[in-house]
Peer 1: 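This structure is in structure tokens; I'll ask about it shortly.
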Amino acid sequence: MQEAMIKRAKELLAEGTVNRVMGWQAGEFAYDITPTVFSSADELDKAFVYNDFCSANVSKYMIKESRKEGKILCFLKPCDSYSFNQLLAEHRIWRDNVYIIGIPSYGKVDVNKVRAKGVTGITGIHTDGPNVVVETIYGSETMVKMDVMEDRCLCCKSKKHMVYDELLGEEGEVLQSNRFEQVEALENMTPEERYEFWRSELSKCIRCNACRNVCPACTCENCVFDNPASGVANKAPSSDFEENMFHIIRAFHVAGRCTDCGECSRVCPQNIPLHLLNRKFIKDINELYGTYQAGEDKDARGPLTNFTVDDCEPSIVHHRRG
Amino acid sequence: MQRIGVFVCWCGSNIAATVDVQQVADELAKEPGVVYSTNYQYMCSQSGQQMIQEAIKEHHLTGIVICSCSPRMHEATFRKTAAAAGLNSYMVEIANIREQCSWIHKNKEEATEKAIILGRAAIAKVHLNAPLTAGESPVVKRALVIGGGIAGIQTALDIADAGFEVDIVEKKPTIGGKMAQIDKTFPTLDCAACILTPKMVDVAQNEKIHIYSYSEVESVKGFVGNFTATIKKKARYVKEDVCTGCGLCTEKCPMKKVPNEFNQMLDNRTAIYIPFAQAVPKVATIDPNACMMLKNGKCGVCSKVCTAGAIDYTQKDEYIEQQYGAIVVATGFNTIKLDNFDEFAYSQSPDVVTSLEFERLMNAAGPTGGTLLRPSDHTHPHTLVFVQCVGSRDISGCGKPYCSKICCMYTAKHAMLCREKYPDTEVYVFYIDVRTPGKNFDEFYRRAVEEYGVHYIKGMVGKVAPKDGKLMVQASDLLANDQLLIEADMVVLATAIEPDESARSIATMLTASMDTNDFFTEAHPKLRPVESPTAGIFLSGVCQGPKDIPETVSQASAAAAKVIGLLVKDKLTCNPCVAESNELMCNGCSACEKVCPYGAITYSDKEFRTPYRTTIMRRVASVNPAVCQGCGACTVACPSGAMDLKGFSTRQIMAEVDAICK
């Protein structure tokens with residue numbers, strides 16, 4: 001796939017369709033993949049990678065990149081295409097300045113799960129049927145891919161691209177995902193248990209803002225948490241609970257717009273399952289207003305910014321648990 | 001720093017009996033920025049207002065907090081007071097220590113504590129208040145009346161009399177509504193048609209009134225003084241301006257077996273029809289569900305016989321957009337469906353009829369030509385049983401919890417007319433209570449009992465069973481403590497009335513509020529009974545609650561007076577508390593535009609400066625302050641907080657919350 005992508009990117013650069021390419025390159029370590037903009041065939045040859053560690057969602061970069069001179073090529077995995085489409089719905093990306101190639105994704109590998117198997121000195125990775133082969137400075141290790149796949153990929157919602165100009169590889173289908181099971185587990189807790197669960201998780205937060213910075217729904221020109229006029233920016237918390245509120249406020253801010261891409265949990269250095277907050281909102285929206293997937297249709301009116309006469313009455317919420 | 005004055009009102013004993021007003025004034029005097037604090041028996045009185053004005057001048061106040069009743073009651077009063085003393089009206093905040101405090105508490109200590117907290121919140125808000133200036137918006141001098149029954153007709157005539165244009169939108173092919181179906185009217189027993197049809201003609205001839213018959217309101221946008229309505233003129237397949245109403249087509253139409261709605265389905269009409277002889281406009285309408293030409297292209301008789309050439313099978317629904325300054329809802333009522341009342345055998349026997357069907361059976365223009373005949377075998381009935389409160393005052397959930405109000409009187413009328421026209425009949429009326437308040441109403445009822453010998457029996461009918469062409473009526477006489485079995489020829493059910501099914505969607509369109517029974521809510525049950533809480537929307541007739549004709553007509557004229565009061569103004573003062581977008585923070589995501597019920601938000605691409613002498617194009621929202629009604633929906637939808645509401649900014653509300661939680 002990596003070769004095919006580089007080949008096609010070079011063609012598009014050569015024919016002048018695009019003048020830049022949004023892709024990935026290795027960071028300090030081979031598993032430490034970073035989104036990068038390439039502007040020449042040379043750069044692509046030198047650094048462009050696409051492998052099982054390339055899980056970063058690059059759609060958010062298109063907000064700034066699409067406003068620059070000329071067209072940019074962007075490779076989107078199915079789940080990234082939902083985020084991209086949602087940003088289109090919010091008029092955040094200038095579609096005319098982006099050339100999208102949809103690429104398939106068969107699940108990305110969580111390096112922490114690989115490390116947990118005692119593998120160190122990782123220099124590369126490639127898929128081999130149902131297995132992945134991890135190359136290390138000590139030789140290569142083969143393991144079952146399912147065992148080391150990211151949690152969010154294990155409950156993948158769709159292998160189908162929502163928006164693209166062309167596709168590389170085969171197109172998939174929208175899947176029957178069991179992703180709400182984790183939310184149900186939380187709903188089945190008593191309020192006290194749930195409170196304890198979130199307190200213990202959220203108290204790990206170091207407020208590095210990685211979740212907000214990576215989130216494709218958090219794209220405000222001026223985030224309320226950075227805006228002194230909002231009254232909440234850089235405010236000294238009056239209790240440790242107030243600190244936890246950051247994540248709850250963020251979940252409210254992205255409610256109805258979150259596509260459940262799972263980037264927030266992926267980048268969290270403290271491994272807080274932040275996606276569960278957003279996923280709870282998605283589940284509630286589905287149950288109260290009918291199934292809705294943000295990013296599926298860029299012209300759809302999200303249920304939270306729409307009104308229909310058969311909308312549920314607010315009192316219904318009181319009758320529901322959780 | 002603001003210089004704030006606090007004025008605590010006793011409201012006689014309304015507040016002072018539960019709240020220690022002196023303590024409230026003393027405590028609030030300690031708040032930052034408060035330079036003057038006092039209490040007085042009636043702040044809204046002449047001397048109370050004078051006290052406020054003097055304090056504003058003497059202490060150079062920049063903001064005032066009135067701890068009193070709900071702002072709905074006297075906010076406007078105190079704003080005027082402040083303005084007269086040279087203080088901007090929007091530097092006034094009301095702490096509602098009556099409805100939200102003294103009226104709901106019994107313990108004086110607790111109520112006093114809460115009153116102090118509410119006062120603190122208002123002080124916190126007024127610190128962040130900024131003077132606002134109200135703009136003006138023009139008034140479109142045209143009114144829309146939705147519904148062409150007696151309510152709509154009266155309202156339209158009165159508005160037109162004052163010289164304003166009025167459009168009536170009626171969903172049926174003719175105006176007239178329920179009153180056109182009624183035979184005689186209580187308590188004077190004059191014929192409904194004789195008093196209604198001249199009014200219908202007046203409407204048709206009035207050059208200020210335009211009737212959109214067979215039409216529905218499709219959507220309404222805008223606000224008081226400036227509504228835009230889209231009216232759907234349904235295709236009637238007859239050119240309205242060409243048809244002469246001669247009725248030849250209705251005689252020749254071969255499709256003669258279409259149930260006649262006007263006669264409550266008691267007889268049939270043709271596929272092309274004029275509902276009744278006095279219809280306005282007197283124009284034929286083709287029923288597309290019955291017409292063979294429209295269904296399968298075979299027939300065309302009406303087109304052949306029409307000498308005027310008015311038939312047009314290709315007619316399409318037409319959409320008309322029109323501006324209005326005011327809208328009157330006069331959507332009226334229907335009788336409820338009797339599916340939940342099997343005990344009365346309505347679906348089993350044609351001789352069990354509703355009162356409205358009975359009206360048609362008694363009406364000279366009805367299916368029997370005014371002779372009372374049983375629908376089943378067209379014989380003369382000798383024993384009639386009237387059952388009151390069928391579905392009214394019903395708390396079992398089968399019917400309606402309210403009293404339909406008109407049934408006692410029309411049942412007395414029916415019973416009286418039966419006995420008068422057919423002295424050989426026995427008439428029984430079963431009732432829970434007889435309710436006859438109204439001018440000459442009780443006299444009317446007593447005449448039915450005393451002069452016409454109608455048997456009024458307190459008690460309910462338990463069951464009606466058809467047997468050998470008769471109806472066996474099982475009932476209890478509560479006063480005699482007796483069980484009765486009456487062999488009746490006809491049973492007439494005083495069926496409860498409910499708002500027309502179109503009312504709910506119209507309420508949604510107009511953002512007008514409704515009660516749990518789908519009756520429109522008035523702005524104040526006693527003091528503003530013909531206005532909806534939504535500005536520019538007025539209520540006429542049964543859409544607001546059950547009423548008889550005299551009441552409907554008075555309410556219709558009252559609504560017209562309110563509309564005229566609005567339309568004579570050239571300009572309306574706008575609410576300056578409108579939303580405003582901070583372009584530097586706006587993402588251009590359209591969330592606000594989607595939730596705005598008034599269409600006040602538009603977007604444009606603007607160039608913004610960025611570092612190093614570069615610029616960037618961004619899509620940003622802007623609010624049209626003349627259209628914005630200050631509902632604040634956009635401010636909560638905005639993810640970045642770029643939208644804010646003047647006078648109710650997020651900072652002000654947070655300051656109030658902080659003050660309460662302190």
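Order of the sequence lines sets the chain letters (A, B, ...), proteins ahead of strands, with each chain counted from 1. Quantities reported herein were computed from a predicted structural model and do not represent experimental measurements.
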Peer 1: For Arg199(A), I'd like to know if atom CZ has over 12 heavy atoms of other residues, nucleotides or ligands within 6.0 Å.
Peer 2: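 It does: Arg199(A) CZ has more than 12 such atoms within range.
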
Peer 1: Do other residues, nucleotides or ligands put more than 12 heavy atoms under 6.0 Å from Phe608(B) CZ?
Peer 2: yes

Peer 1: Shortest non-hydrogen contact from Lys594(B) to Ala89(A)?
Peer 2: NZ-O, 4.4 Å

Peer 1: Return yes when atom NZ of Lys171(B) has more than 12 non-hydrogen atoms of other residues, nucleotides or ligands closer than 6.0 Å, and no otherwise.
Peer 2: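 Yes, because the 6.0 Å sphere around NZ of Lys171(B) holds more than 12 heavy atoms from other groups.
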
Peer 1: Taking atom OG1 of Thr219(A) and atom CG of Asn587(B), what is their separation to the nearest 0.5 Å?
Peer 2: 5.5 Å

Peer 1: With side chains defined as the heavy atoms from C-beta onward, is the minimum distance between Arg67(A) and Met617(B) less than 4.5 Å?
Peer 2: no

Peer 1: Please state whether the side chain, the backbone, both or neither of Thr650(B) comes within less than 4.5 Å of a heavy atom of chain A.
Peer 2: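 Answer is neither: Thr650(B) stays 4.5 Å or more from chain A.
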
Peer 1: Which bit of Ala217(A) comes within less than 4.5 Å of chain B, counting heavy atoms only: side chain, backbone, both or neither?
Peer 2: neither

Peer 1: So what's closer than 4.5 Å to chain A heavy atoms on Cys638(B): side chain, backbone, both or neither?
Peer 2: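 Neither; nothing under 4.5 Å.
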
Peer 1: Pro639(B) and Arg257(A): which non-hydrogen atoms are nearest, and at how many Å?
Peer 2: CB-NH2, 3.8 Å

Peer 1: CD1 of Ile616(B) to NZ of Lys68(A): how many Å apart, nearest 0.5 Å?
Peer 2: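 The CD1 atom of Ile616(B) sits 9.5 Å away from the NZ atom of Lys68(A).
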
Peer 1: Which atoms of Arg618(B) are under 4.5 Å from chain A, going by heavy atoms: the side chain, the backbone, both sets, or neither?
Peer 2: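 Both backbone and side chain.
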
Peer 1: Is it the side chain or the backbone of Met585(B) that comes within 4.5 Å of chain A heavy atoms, both, or neither?
Peer 2: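 For Met585(B), the contact with chain A is made by backbone and side chain together.
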
Peer 1: Are the side chain of Arg619(B) and the backbone of His91(A) linked by a donor-acceptor contact shorter than 3.5 Å?
Peer 2: no

Peer 1: Are His253(A) and Ser640(B) packed together at the side-chain level, in the sense that at least one heavy-atom pair is separated by less than 4.5 angstrom?
Peer 2: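 Counting from C-beta outward, His253(A) and Ser640(B) never come under 4.5 Å.
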
Peer 1: Verify the neighbour count for atom OH of Tyr164(A): are there more than 12 heavy atoms of other residues, nucleotides or ligands below 6.0 Å?
Peer 2: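 Atom OH in Tyr164(A) is not packed in, count stays at 12 or less.
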
Peer 1: Would you say Lys221(B) has more than 12 foreign heavy atoms packed within less than 6.0 Å of its NZ?
Peer 2: no

Peer 1: Heavy-atom pairs under 4.5 Å with chain B: which of Asn227(A), Asn306(A), Thr305(A) has the most?
Peer 2: Thr305(A)

Peer 1: I'd like to know if the side chain of Arg92(A) and the backbone of Cys589(B) have a donor-acceptor N/O pair within less than 3.5 Å.
Peer 2: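 A pair under 3.5 Å: no.
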
